[in-house]
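Keep in mind that this is a model prediction, so the values were computed, not measured. Proteins come first, then strands; the chains are lettered A, B, ... in the order of their sequence lines, and each starts at number 1.
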Number of protein chains: 2
Amino acid sequence: MTACAGTPRHADATVAVAVDVVPLALYEGRLHAGLVRVERGDERSRFAFPGGRVRENESLDAAAARWLAGHLPDSGVHVEQLYTFGEPGRDPASRVVSVAYLALLSRAIAAPGVEWLPCATLPRLAYDHRTIARVALDRLRAKLAYTNLAWALLDRTFTLADLQQVYETVLGRALDRRNFRKRVLALGLLSPLGATRHGAHRPAQLFRFTTRRPITVGVLSERE
Amino acid sequence: MTACAGTPRHADATVAVAVDVVPLALYEGRLHAGLVRVERGDERSRFAFPGGRVRENESLDAAAARWLAGHLPDSGVHVEQLYTFGEPGRDPASRVVSVAYLALLSRAIAAPGVEWLPCATLPRLAYDHRTIARVALDRLRAKLAYTNLAWALLDRTFTLADLQQVYETVLGRALDRRNFRKRVLALGLLSPLGATRHGAHRPAQLFRFTTRRPITVGVLSERE
DNA sequence: GCAAAAGTGTTAGTGATACACCCATGA
DNA sequence: TCATGGGTGTATCACTAACACTTTTGC
C-alpha cells in the first residue's frame with residue numbers, strides 16, 4: 001500500500017500488529033476495567049488488557065472482537081477503535097504496534113481469568129497499558145457528553161436515576177436531577193416502557209433507548 | 001505485548017505496518033489535499049496520500065513526519081493521528097495495516113510530485129484512500145468547532161476575515177461576521193499585533209494566536 | 001466620491017442553571 | 001407514619017442569533 005515514491009525498503013517485516021481491548025463497565029457505582037494477567041515475558045503476572053496478534057485474514061475490528069470474546073462472554077457490547085500505540089520500546093521483547101479498542105459493557109461480567117478493577121485506582125499495568133487506560137477513559141468521558149453512548153453501559157431497560165448515575169460516575173461529578181431529566185427527555189432518545197421498577201421506595205419509571213446505534217447529540221451542556 | 005492468554009500463534013508476521021498522511025491546506029478559498037501518484041502495482045498512477053512502511057526503530061509519529069517531509073518541505077505543520085485502517089483486502093497486493101495521520105499546513109506548498117487537489121472533488125484514489133480522506137475531513141470539521149486548531153491552517157499572523165474564512169471553507173457555510181468576531185475575541189486566544197494589513201480597501205487589523213498548542217474550547221456554538 | 005471591505009451594538013429569544021416542594025411506596 | 005428516593009415547575013441568567021449602519025482606505 002501507499003505511494004512509495006522511490007524510497008528504499010528498510011527492515012520492514014519485523015513490526016507486529018496486535019489489538020488491545022479496554023473493557024469498561026460500571027460496578028458498584030464505580031467504573032471498572034477488565035484486566036487479565038500477562039502469562040509470559042518480563043511483564044509476567046502484571047495486569048494488562050486482553051489482546052494479541054491480528055491474524056492475516058482478519059480485520060482489526062474482528063481481531064478486537066475475537067480477543068474480547070476470548071475473555072468475556074458476548075453481551076451486547078459496544079466496541080470502537082481508540083488509538084494506535086507504536087512506540088518502539090513499548091514492548092521490551094519485540095516491536096509491536098497495537099491498535100487499542102474501547103469496549104463498553106452493560107455489566108462487569110465475571111469470567112475466568114478476568115479481574116475487574118476500579119479505574120480510579122488501577123495498579124501498575126504491563127507495557128504502556130496505563131496510557132491506554134487513560135486514553136480510553138478520556139474518550140469515554142468525551143463521548144458521553146455528545147453522544148447517546150450511555151446505552152452501552154446500561155441494561156436494555158433502566159430508570160432515569162440509572163442513566164444519571166452513568167453520567168455521574170463517568171464524569172465524576174454530581175448533576176442536578178431535575179435539569180438532567182429535562183435535558184435527557186427533551187432529546188427524545190428515550191421511550192418510556194410504561195412499566196416501573198419496584199425497589200425500596202417509590203417505584204421508578206422504566207425507559208429504553210429508542211435507538212441503540214451511536215448518535216451524535218448534545219447530551220450535556222459544557223458547563224454543568 | 002498483550003496478555004496472550006494461552007492462545008496459539010497463527011500466521012502472524014506477514015502483516016505490514018505503514019502510515020499514510022493526509023496533508024490539508026487552504027488554497028484559493030477551498031480546502032485542498034496533497035496527493036502523490038502511486039508508482040507501482042495495480043494501483044499505479046492513481047492518486048494516493050503520501051506514506052509508506054514504518055521502520056523498525058521508529059515511532060508511528062516519526063514515520064508520519066518522515067513520509068510527510070519526504071514530499072513536502074516542513075513548514076510548521078500540525079500532525080495528529082487519525083485512525084487505523086486494516087481491512088484485509090485494502091491493499092490487493094499484501095496485508096497492510098495503515099495508521100492514517102492528519103497534517104494541517106498553513107499553505108498548499110508546491111513540491112515536486114505533489115498535486116494539491118480540491119477536497120470537494122477528489123478523483124478516484126488508490127486503495128481505500130477515499131475513505132481515509134473522508135475521515136480526515138470529518139475530523140477536521142469536528143475539531144475546528146471545539147479547539148483552536150485553526151491556527152494550523154493560517155499563517156502566523158492573520159486578519160479576522162482570514163480566520164473566518166478558514167471556518168467558512170472547512171465547514172462549508174457562511175458565518176455572521178459580527179457574531180464570529182465577538183465569539184472568537186471573547187475566547188481570549190488571539191493577540192492583536194497593532195499592525196494592519198493593507199489591501200484594496202480599508203486595512204485590517206492583524207492578530208496571532210496567543211498559543212499555537214492545541215487547546216479545547218467551544219469556538220463555535222452547535223447551531224450557528 | 002465611490003466601491004469595497006473593516007469594524008461596531010442592540011435586541012429578542014432560547015436554553016442553562018439554580019432551586020423547593022409534593023408524591024408514592026416499603027418498612 | 002416515616003424515611004427514602006421518584007417526580008415536577010419556575011425565575012433568573014447567559015449566551016446565541018439576527019440584524020444595519022458607520023468607517024477607512026484605494027482607486
Side-chain angles (χ1 to χ4, degrees), chain A residues 26 28-29 144-146 148 150 154-155 157-169 171-208 216-224, chain B residues 26 28-29 144-146 148 150 154-155 157-169 171-208 216-224:
Chain A
L26 293 179
E28 291 182 344
L144 270 197
Y146 66 89
N148 66 341
L154 287 167
D155 284 325
T157 72
F158 50 87
T159 67
L160 288 181
D162 294 336
L163 180 60
Q164 183 170 350
Q165 219 209 2
V166 170
Y167 279 88
E168 292 189 335
T169 301
L171 301 179
R173 63 202 159 97
L175 300 171
D176 183 273
R177 188 161 39 95
R178 296 156 289 197
N179 294 333
F180 181 81
R181 298 167 77 91
K182 255 181 296 185
R183 241 197 323 264
V184 90
L185 289 176
L187 288 173
L189 302 177
L190 302 184
S191 309
L193 295 189
T196 53
R197 175 194 294 168
H198 289 254
H201 300 291
R202 174 173 177 174
Q205 220 180 141
L206 283 169
F207 292 85
R208 63 180 173 78
T216 299
V217 268
V219 180
L220 289 184
S221 74
E222 288 175 27
R223 278 177 297 282
E224 194 195 32
Chain B
L26 293 178
E28 291 182 346
L144 271 197
Y146 66 92
N148 66 342
L154 288 166
D155 284 325
T157 72
F158 51 87
T159 67
L160 288 182
D162 294 337
L163 180 60
Q164 182 170 350
Q165 220 210 2
V166 170
Y167 279 87
E168 293 189 335
T169 301
L171 301 180
R173 61 204 160 98
L175 299 172
D176 183 274
R177 189 160 40 95
R178 295 156 290 194
N179 294 334
F180 181 82
R181 297 164 80 90
K182 256 181 293 184
R183 239 197 325 263
V184 88
L185 289 175
L187 287 173
L189 302 177
L190 303 183
S191 309
L193 295 188
T196 53
R197 174 196 295 168
H198 289 253
H201 301 289
R202 175 173 177 175
Q205 221 179 139
L206 283 169
F207 292 85
R208 62 179 173 80
T216 298
V217 269
V219 179
L220 288 185
S221 74
E222 287 175 27
R223 276 177 299 284
E224 197 196 35

Peer 1: Of Leu185(A), Leu154(A), Val184(A), which meets side-chain contact (heavy atoms from CB on, under 4.5 Å) against Phe207(A)?
Peer 2: Leu185(A)
Peer 1: For the backbone of Gly29(B) and the side chain of Gln165(B), can you confirm whether one donor and one acceptor N or O come within less than 3.5 Å of each other?
Peer 2: no
Peer 1: Rounded to the Å, how far apart are Arg197(B) CZ and dG26(D) P?
Peer 2: 15 Å
Peer 1: Whole angstrom is fine here: how far is it from CG in Leu163(A) over to P in dG6(D)?
Peer 2: 13 Å
Peer 1: dT16(D) C1' sits how many Å from Leu187(B) CG, rounded?
Peer 2: 14 Å
Peer 1: Side chain of Arg178(A), base of dA20(C): donor and acceptor closer than 3.5 Å?
Peer 2: yes
Peer 1: What I'd like to find out is whether the side chain of Val219(B) reaches to under 4.5 Å of the side chain of Tyr167(B), using heavy atoms alone.
Peer 2: yes
Peer 1: I need the CZ-C1' distance between Phe180(B) and dG7(C), as an integer number of Å.
Peer 2: 15 Å
Peer 1: Please determine whether any donor N or O and acceptor N or O are separated by less than 3.5 Å between the side chain of Arg177(B) and the base of dG7(C).
Peer 2: yes
Peer 1: Main chain of Leu175(B), side chain of Gln164(B): is a donor-acceptor contact present, judged purely on distance under 3.5 Å?
Peer 2: yes
Peer 1: To the nearest angstrom, how far is Asn179(A) atom CG from dG9(D) atom C1'?
Peer 2: 11 Å
Peer 1: In whole Å, what is the span from the NE2 atom of His198(B) to the P atom of dT24(D)?
Peer 2: 13 Å
Peer 1: May I have the distance from Arg181(B) (atom CZ) to dA17(D) (atom C1'), rounded to whole angstrom?
Peer 2: 17 Å
Peer 1: Ignoring hydrogens and angles, does a donor from either the side chain of Lys182(B) or the base of dT10(C) sit under 3.5 Å from an acceptor on the other?
Peer 2: yes
Peer 1: Under 3.5 Å, is there any donor-acceptor pair linking the side chain of Arg202(A) to the base of dA24(C)?
Peer 2: no
Peer 1: Check whether any side-chain nitrogen or oxygen of Arg183(A) sits under 4.0 Å from OP1 or OP2 of dT17(C), and answer yes or no.
Peer 2: yes
Peer 1: How close or far is atom C1' of dA27(C) from atom NE2 of His201(A), stated in whole angstroms?
Peer 2: 8 Å
